[in-house]
Structures are given as structure tokens and as C-alpha cells.
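The structure under discussion appears below in the form of C-alpha cells.
This one's a predicted model, so the numbers in the text were calculated from it and none came from an experiment.
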Amino acid sequence: MSKIMEITDIRAPELDVYARLNERQLTHYYEPAGGIFIAESPNVIARALDAGYEPVSFLMERRHIENQAAEILFRCPQTPVYTAPLPVLEEITGFRLTRGVLCAMRRRALPDPKLLLARCASAGKSRITVLEEVQNPTNVGAIFRSAAALGMDAVFLTAGCSDPLYRRSARVSMGTVFQVPWTYLNRGEEDWPAQGMDRLRRAGFRTAALALGEDSIRIDAPVLRDVPLLAMILGTEGEGLKAQTIADCDWKVTIPMKHGVDSLNVAAASAVAFWELRLRG
């Protein structure tokens with residue numbers, strides 16, 4: 001049975017990870033080892049546990065101990081549980097809890113991008129996506145949810161992207177950030193797009209940039225469906241993909257639209273692209 005501790009002092013140091021450290025600080029919490037992240041809601045926490053992430057502590061409303069959180073607490077009998085009424089929890093965290101349950105969890109080492117690309121390519125047919133500087137955590141989470149639902153084999157990010165393990169990203173994804181393999185394609189700005197695109201090509205992937213242009217082809221073009229290894233490249237909110245990224249891709253691809261609309265939100269565009277360019281059969 002988990003050890004239940006009523007919160008009597010919100011300044012207690014064991015609550016720092018929930019109350020006084022921002023998400024960037026949490027990523028460095030155990031340096032030189034990996035940091036931690038905060039998972040929110042029982043479903044998200046359960047998927048993280050299923051993926052092998054290690055819980056550090058829980059923070060929740062007492063009423064959830066016997067209902068919403070009962071199953072995950074049963075799985076983590078040695079993990080401390082801090083509890084208080086909802087108004088106190090929201091004073092601690094500074095935001096409105098949607099399900100009244102949080103869990104601090106240890107990060108794990110990310111896959112090597114070359115090895116993950118090789119694993120995706122090894123089947124002979126694969127669909128992956130690369131996110132270039134997608135900075136909104138909500139969009140990142142929504143893209144992961146679509147990637148999981150529509151059969152993407154992996155998600156790769158450039159250095160400027162929002163962290164998929166940020167609380168909002170993981171919650172919006174409904175925990176699919178723990179189900180779809182992902183990693184950073186590059187860690188330095190100088191590595192993208194030149195070396196990053198070269199890494200994709202060396203692994204055997206052809207590349208499709210979702211971008212407007214007179215020379216763009218429609219996303220339902222038959223030539224795209226026949227590509228065995230395809231990487232879909234999605235750009236940042238507002239500005240889209242870098243010019244050099246577009247130039248380096250095999251195809252520039254656009255989604256046909258009506259009523260004078262020229263673009264979709266990147267999360268919506270990803271769902272359309274993943275569905276249209278998915279592997280059939």
C-alpha cells in the first residue's frame with residue numbers, strides 16, 4: 001500500500017517538483033543523470049507506467065485515492081502519495097487540474113536517431129514524421145495523438161521543438177507520447193536541415209515537405225502512396241518550414257482547400273497528411 005501523506009506545508013521541499021520548478025528546470029533535476037517530468041491524469045500516468053517510466057511521487061486529491069487513481073497506486077505501492085483538497089493542490093501547482101492527479105516521473109534516455117531510423121526502415125515500408133521547430137505544446141501533443149492513431153512508426157523532432165514530455169503535451173496526446181517511438185533528429189541548430197536531411201536519405205527515406213508553392217503536388221498524388229519509406233516534414237506554427245528544408249525535400253506537398261483558406265493549423269494538417277499518406281494494407 002502506498003504511503004499517503006497529507007500536505008500540511010506547501011513549502012515542503014518534496015513538493016518543489018510540483019510547486020517551484022518549471023518544466024525546463026525539471027529536465028535537469030537529476031543531472032548528470034536524466035531529469036523528471038510531470039504526468040497529469042490517471043490515463044496518461046497509466047500509459048507512462050505501461051511504457052516503463054518510473055514514478056517518483058504522486059500529488060492528488062484524497063477522493064481520487066480510492067477511485068480514479070486506485071489502479072495506478074496499486075501498481076506503485078512504494079511510491080509516496082501527497083494529498084490535499086483541490087484548492088490547495090491548485091495553489092501548489094498554479095494551474096487548474098483537469099483530473100486531480102499528478103505524477104512526477106523519471107525521464108529515460110532517448111533513442112539514438114540513427115538506430116531509430118534504421119529500425120523503422122528495416123521493415124521495408126515505413127511512415128515517419130519530422131517536426132521542425134513546432135513550439136506549441138498543445139500542437140505537439142495533438143500531433144502525437146494523430147501519429148499514434150494513424151500509424152506513424154516514429155516522430156522525430158528538431159532542436160527547436162517543444163518537449164513532448166511537457167505536462168500539457170503529454171496530456172493533450174492522451175499519453176500517446178509514451179506509445180509512439182520518438183527522439184530528436186538533431187541536437188544542434190547547425191545540424192538541421194543539412195545533416196538531418198542527409199541522415200534521413202542515408203536511412204533510405206524519401207521526404208515530403210508540407211508547404212505551399214506553385215510547384216507543390218497534391219497530397220493525394222499517386223506517386224506519394226507508392227513510396228516505401230516516406231518522411232513527412234511539418235513546420236512551425238505561422239512561418240512554416242524553412243526555405244532550405246523545403247529545397248532539400250524530394251517533394252513539396254499541399255493539401256487542397258476551398259473558400260480561400262490557404263493553410264491549416266499544423267496539428268490539423270498532420271492528421272490529414274498521416275491519413276492520406278498512411279501505409280495501406
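The nearest pair of heavy atoms linking Gly124 to Pro228 is O-CB, 3.4 Å. Looking at every heavy atom in both residues, Ala267 comes nearest to Ile143 through CA-CG1, 3.9 Å. The heavy-atom pair separating Arg20 from Asp16 by the smallest distance is NE-OD1, 2.6 Å. Across every non-hydrogen atom of Ser162 and Gln135, the tightest pair is CB-O, 3.3 Å. Residues Ile219 and Ala273 approach most closely at CD1-CA, 3.4 Å, considering heavy atoms.
How far SG of Cys249 is from CE of Met232: 12.0 Å, rounded to the nearest 0.5 Å. How far CG of Leu185 is from CE of Met197: 9.5 Å, rounded to the nearest 0.5 Å. Rounded to the nearest 0.5 angstrom, Phe156 CZ and Asn186 CG are separated by 11.5 Å. One finds the CZ atom of Arg201 at 14.5 Å from the CG atom of Leu229 (value rounded to the nearest 0.5 Å). Note that OG1 of Thr254 is 7.5 Å distant from CG of Leu210, once rounded to the nearest 0.5 Å. Annotation: the span from Ile36 atom CD1 to Leu26 atom CG amounts to 5.0 Å, rounded to 0.5 Å.
Contact check for Leu73 versus Ile65: side-chain heavy atoms found under the 4.5 Å cut-off. Between Leu131 and Val266 there is no side-chain heavy-atom pair separated by less than 4.5 Å. For the pair Arg225/Leu279, no side-chain contact is recorded, criterion being any heavy-atom separation below 4.5 Å from C-beta on. Counting only heavy atoms from C-beta outward, the side chains of Tyr184 and Pro113 never approach each other to under 4.5 Å. No side-chain heavy atom of Val130 sits less than 4.5 Å from a side-chain heavy atom of Leu234. Here the side chains of Thr176 and Arg47 are in contact, with some heavy-atom distance below 4.5 Å. Proximity of Leu165 to Glu23: side-chain heavy atoms (C-beta onward) are nowhere separated by under 4.5 Å. Between Leu157 and Pro164 there is a side-chain heavy-atom pair separated by less than 4.5 Å.
In terms of modelled atom types and a separation under 3.5 Å, the side chain of Thr158 and the main chain of Glu133 share a donor-acceptor contact. Checking side-chain atoms of Thr183 against main-chain N and O of Pro111 turns up a donor-acceptor pair under 3.5 Å. Looking at Glu90, its side chain never comes within 3.5 Å of a backbone N or O of Pro87 through a donor-acceptor pair. In this structure, Trp251 contributes its side chain and Leu224 its backbone to no donor-acceptor pair below 3.5 Å. Arg202 places no side-chain N or O within 3.5 Å of a backbone atom of Arg199 that could act as its donor or acceptor partner. A donor-acceptor distance shorter than 3.5 angstrom exists from the side chain of Thr83 to the backbone of Met60, with no hydrogens or angles considered. Using a distance-only test at 3.5 Å, with no hydrogens or angles considered, no donor-acceptor pair links the side chain of Thr245 to the main chain of Pro193. In this structure, the side chain of Glu132 engages the main chain of Lys242 through a donor-acceptor pair within 3.5 Å. The backbone N or O of Arg63 lies less than 3.5 Å from a partner atom in the side chain of Asn67, making a donor-acceptor pair. For Thr207 (side chain) and Asp250 (main-chain N/O), a donor-acceptor pair under 3.5 Å exists by modelled atom type.
The residues Lys114 and Asp112 are annotated as not salt-bridged, no charged nitrogen and carboxylate oxygen being separated by less than 4.0 angstrom.
Tyr82 and Phe58 have their aromatic ring centers separated by at least 6.0 angstrom. When ring centroids are compared, Tyr166 and Phe144 stay outside the 6.0 Å threshold.
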Check against salt bridge (Lys or Arg N to Asp or Glu O under 4.0 Å), Arg127 and Asp153: CA-CA 6 Å; Arg127 292 292 183 265; Asp153 295 310; over 6 Å; no

query = Should Arg62 and Glu6 be marked as a salt bridge (Lys or Arg N to Asp or Glu O under 4.0 Å) after you check the CA-CA gap, both sets of side-chain angles, and the distance that decides it?
reply = CA-CA 9 Å; Arg62 172 165 280 282; Glu6 292 283 349; 2.6 Å; yes

Q.
Between Thr79 and Val56, is the side-chain contact (heavy atoms from CB on, under 4.5 Å) condition met? List the steps.
A. CA-CA 6 Å; Thr79 305; Val56 175; 6.0 Å; no

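A chain of hydrophobic side-chain contacts below 4.5 Å, direct or via other Ile, Leu, Val, Met, Phe, Trp or Tyr residues, connects Ile7 to Leu102. Using a 4.5 Å cut-off between side-chain heavy atoms of Ile, Leu, Val, Met, Phe, Trp and Tyr, with links allowed through other members, Val180 and Val134 fall into the same hydrophobic cluster. There is a path of hydrophobic side-chain contacts, each under 4.5 Å, that joins Met5 to Leu89. Hydrophobic clustering (ILVMFWY, side-chain heavy atoms < 4.5 Å, transitive): Val272 and Phe274 are in one cluster.
Within 6.0 Å of the CZ atom in Arg107, the count of heavy atoms belonging to other residues, nucleotides or ligands exceeds 12.
Both tests hold for Arg108 against Tyr53: distance to the six-membered ring centre under 6.0 Å, angle to the ring axis within 45°.
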